[in-house]
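One structure below.
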There are 2 protein chains.
Amino acid sequence: MEADRWLGLDLRHLVALKAIADEGSFGRAAEKLGYTQSAISQQIATLERIVGLRLIERPGGPRPISLTEAGSILLRHADAIQARLLAAKADMSALEAGDAGRLRVGTFQSVGAKIIPRLLRRFSESHPQVEMVLRESQDESELLEMIERGDLDVTFWTLPVAAGPYETVELLHDPYVLVVPSDSPLAALERAPTLKEIVLHPIIGFNHCSAMDHVESQLSSTGRSPNIVFRSDNNGTVQGLVGAGVGLAVSPKLTVDEDDASVAVIDLHGRIPPRVIGLVWHSDRHRSAAAEAFTESALAVCRELAAEPAAA
Amino acid sequence: MEADRWLGLDLRHLVALKAIADEGSFGRAAEKLGYTQSAISQQIATLERIVGLRLIERPGGPRPISLTEAGSILLRHADAIQARLLAAKADMSALEAGDAGRLRVGTFQSVGAKIIPRLLRRFSESHPQVEMVLRESQDESELLEMIERGDLDVTFWTLPVAAGPYETVELLHDPYVLVVPSDSPLAALERAPTLKEIVLHPIIGFNHCSAMDHVESQLSSTGRSPNIVFRSDNNGTVQGLVGAGVGLAVSPKLTVDEDDASVAVIDLHGRIPPRVIGLVWHSDRHRSAAAEAFTESALAVCRELAAEPAAA
DNA sequence: AGCCAGCGATCAGCTTCCATGATCGCAAAG
DNA sequence: CTTTGCGATCATGGAAGCTGATCGCTGGCT
């Protein structure tokens with residue numbers, strides 16, 4: 001590695017570049033960062049001297065500036081570097097908080113019922129020294145944000161995950177089932193009802209979440225939009241309404257209570273593609289031994305769940 | 001983003017950390033970087049002040065130092081950041097060299113014969129303004145190193161690629177074929193010869209490369225190691241020797257000359273898994289329009305090649 | 001046992017670098 | 001033509017960082 005001028009590169013330079021790109025002018029960038037306009041101007045000057053290329057086009061006068069091609073390419077690298085630094089910072093403060101034995105796990109409503117209790121029991125028995133912090137969110141996307149900010153170590157998620165600095169592992173395929181009143185004619189059918197048949201009935205839905213959106217778009221693909229007469233996030237409420245004959249529900253199998261005699265649960269045999277439940281974590285963050293062990297436990301538990309459909 | 005002490009972090013700090021980890025002592029790291037031991041000591045001190053954690057364990061006296069857990073975690077981030085900086089630097093110097101229209105492509109011997117000429121003609125017709133620089137290497141792994149150093153923009157490669165900062169695209173599956181003298185009894189068989197039958201004969205091989213290693217390990221898996229009587233990297237030589245009855249050859253189909261009447265080419269029907277030819281580029285580097293277009297052209301050409309096995 | 005070699009920490013001093021604040025040049029809008 | 005907003009430039013003061021010397025420590029060598 002030659003001793004070149006790149007060693008003089010400072011993080012402040014990259015931050016300044018980003019601020020200018022965001023704010024659209026040297027002055028506002030300076031204000032945002034708590035510097036003088038002069039300072040920013042000089043920072044960019046030295047940055048341009050370091051890379052040897054003009055990064056920002058200044059047309060002069062009150063006309064707005066713009067990034068050159070080199071500028072926008074460098075900006076992408078700068079973003080990546082800043083993201084990595086944030087990850088490093090999160091790792092460090094996690095360590096500082098004595099996190100050898102703390103694991104913050106994100107979950108959402110519908111994953112909870114069957115997997116979580118079993119997993120928690122298993123994991124806390126095999127790793128009693130790990131303190132688990134469960135964070136359940138109504139708003140799924142919030143979980144990913146927390147992963148990105150370093151507020152969570154790992155989260156459950158329905159795969160695939162959006163593009164981003166994530167690593168994932170697939171835990172299990174959770175098929176959708178139809179929940180109908182136990183005396184419904186649909187329950188007496190030998191075959192699984194088609195989507196067209198289902199969409200003729202009133203539907204009890206969950207509140208909007210990625211799983212529900214998925215179901216509704218599938219139902220809408222029949223050409224007829226489903227008639228959602230009620231929404232609740234509480235599975236007990238949903239099944240109660242179904243049992244009372246208010247409508248049908250399409251639920252992930254893992255969320256339904258199969259012991260409820262007032263309803264019948266009908267396998268849809270893949271008429272709606274199953275949701276895939278997985279774990280997601282930040283690809284840039286350090287992966288603690290506790291997190292690895294948790295992933296292993298989750299995989300084991302889900303393998304068991306998949307192997308005992310008899311309970312269904 | 002709070003104005004925290006992390007903004008005071010300097011690249012030199014991370015470089016120093018890496019140097020210490022590599023060299024095993026402050027003094028040698030200082031020497032390597034052209035500083036005094038004092039400077040390194042102070043740099044690490046401020047770095048530790050910034051992150052708020054002890055990064056290096058100094059047992060005192062002549063005992064060797066070691067990274068703490070925080071230190072090794074931070075080092076991994078530092079490595080990633082340095083790698084990203086190198087990519088940025090490579091992008092900048094490429095741009096500086098006026099690379100809007102230059103594309104440096106790596107190839108190796110056996111990919112050349114069928115794909116390259118056609119691809120070059122096609123691409124230079126559709127993108128006449130792009131100056132192509134072809135770099136053929138005998139030593140395949142050198143190509144990946146050049147990608148990593150930024151000396152190449154994209155290279156052909158036999159997938160899968162080793163772990164690293166790479167992105168890939170699959171171009172085509174190139175099956176292995178058996179080349180025998182045209183009067184060989186093997187050529188008269190109705191079925192493809194088995195590996196056991198092949199390995200009984202003397203073999204003309206290519207010099208060691210990933211493709212040849214692959215073939216040899218497959219042949220050895222019969223329990224009998226192949227008898228390689230000659231090696232050459234020139235396909236004409238290999239086929240000439242086969243035609244003269246010196247031995248058989250197992251070659252990737254794309255490299256053989258099917259018009260050579262002195263030999264017969266026999267499809268192995270997947271008895272040896274085909275090699276997969278793809279393009280590889282650096283995931284951190286900027287991907288120029290020329291590179292994208294080149295990938296598209298390569299895909300198109302390879303789709304055509306796959307669709308006309310009649311020529312075989 | 002005692003000396004020595006090797007290592008990192010520390011300190012004072014000097015140099016270098018960088019942000020500041022004021023000023024200038026420029027071009028579009030009024 | 002003046003005003004206004006923006007970036008460039010310059011001199012200056014202050015902070016940060018490197019140097020060179022010195023100290024304290026510990027394990028191995030004699």
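Keep in mind that what you see is a predicted model, and the values were worked out from it rather than measured. Naming convention: chains lettered A, B, ... in sequence-line order (proteins, then strands); numbering from 1 in each chain.
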With 3.5 Å as the limit, what N/O pairs link the protein to nucleotides 25-28 of chain D?
unit_1  : atom_1 : unit_2 : atom_2 : d
dG27(D) : OP1    : R63(B) : NH1    : 2.8

Between [X] ([atom1]) and [N] ([atom2]), how many Å, whole number?
X      : N       : atom1 : atom2 : answer
D10(B) : dC18(D) : CG    : C1'   : 13 Å
E31(A) : dG21(C) : CD    : P     : 14 Å
R12(A) : dA15(D) : CZ    : P     : 15 Å
H13(B) : dA16(D) : NE2   : P     : 11 Å
E23(B) : dC7(C)  : CD    : P     : 12 Å
I50(B) : dA16(D) : CD1   : P     : 11 Å
I56(A) : dG7(D)  : CD1   : C1'   : 11 Å
L7(A)  : dC18(D) : CG    : C1'   : 15 Å

Validation: residues 48-55 of chain A side-chain donor-acceptor distances under 3.5 Å, sequence neighbours left out:
unit_1 : atom_1 : unit_2 : atom_2 : d
E48(A) : OE1    : R58(A) : NH1    : 3.3
E48(A) : OE1    : R58(A) : NH2    : 3.3
E48(A) : OE2    : L55(A) : N      : 2.8
E48(A) : OE2    : I56(A) : N      : 3.3
E48(A) : OE2    : R58(A) : NH1    : 2.9

- [ ] For the residue pair T295(B) and R287(B), confirm or rule out a side-chain donor-acceptor distance under 3.5 Å.
- [x] yes

Task: Closest-nucleotide 5' rank along DNA chain D - winner of T36(B) and G24(A) - done: G24(A)

Task: Side-chain donor/acceptor of D91(B) to backbone N/O of H286(B), under 3.5 Å - done: yes

Task: ring pair (Phe, Tyr, Trp, His ring centres under 6.0 Å) pairs, two or more places apart, involving residues 119-152 of chain A - done: F123(A)-H127(A), F123(A)-F294(A)

Open item on the list: I'd like to compare against my own output: the B/S/- annotation of nucleotides 9-16 of chain C with a strict under-4.0 Å heavy-atom distance to protein.
Closed with: BBB-----

Please tabulate, one pair per line, all N/O donor-acceptor pairs under 3.5 Å involving side-chain atoms of residues 163-170 of chain A, not counting sequence neighbours.
unit_1  : atom_1 : unit_2  : atom_2 : d
Y166(A) : OH     : E148(A) : OE1    : 2.9
E170(A) : OE2    : H173(A) : NE2    : 2.8

- [ ] Taking side-chain hydrogen bond (donor to acceptor under 3.5 Å, both in side chains) as the test, write out the residues that go with H13(B), two or more places apart.
- [x] none

Show me the side-chain donor-acceptor pairs of residues 35-45 of chain B shorter than 3.5 Å, one per line, residues at least two apart or across chains.
unit_1 : atom_1 : unit_2 : atom_2 : d
S38(B) : OG     : Q42(B) : NE2    : 2.9
Q42(B) : NE2    : S38(B) : O      : 3.4

Task: Closest nucleotide among dG20(D), dG7(D), dA19(C) to the Q43(A) side chain - done: dA19(C)

TODO: Taking only the side-chain nitrogens and oxygens of R28(A), find out if one of them lies under 4.0 Å from OP1 or OP2 of dC6(D).
DONE: yes

Task: Residue pairs fulfilling salt bridge (charged side-chain N to carboxylate O under 4.0 Å, His left out) with at least one residue in residues 121-132 of chain A, sequence neighbours excluded - done: R122(A)-E304(A)

Task: Residue pairs, two or more places apart or on separate chains, that pass salt bridge (charged side-chain N to carboxylate O under 4.0 Å, His left out) and touch residues 6-16 of chain A - done: D10(A)-R12(A)

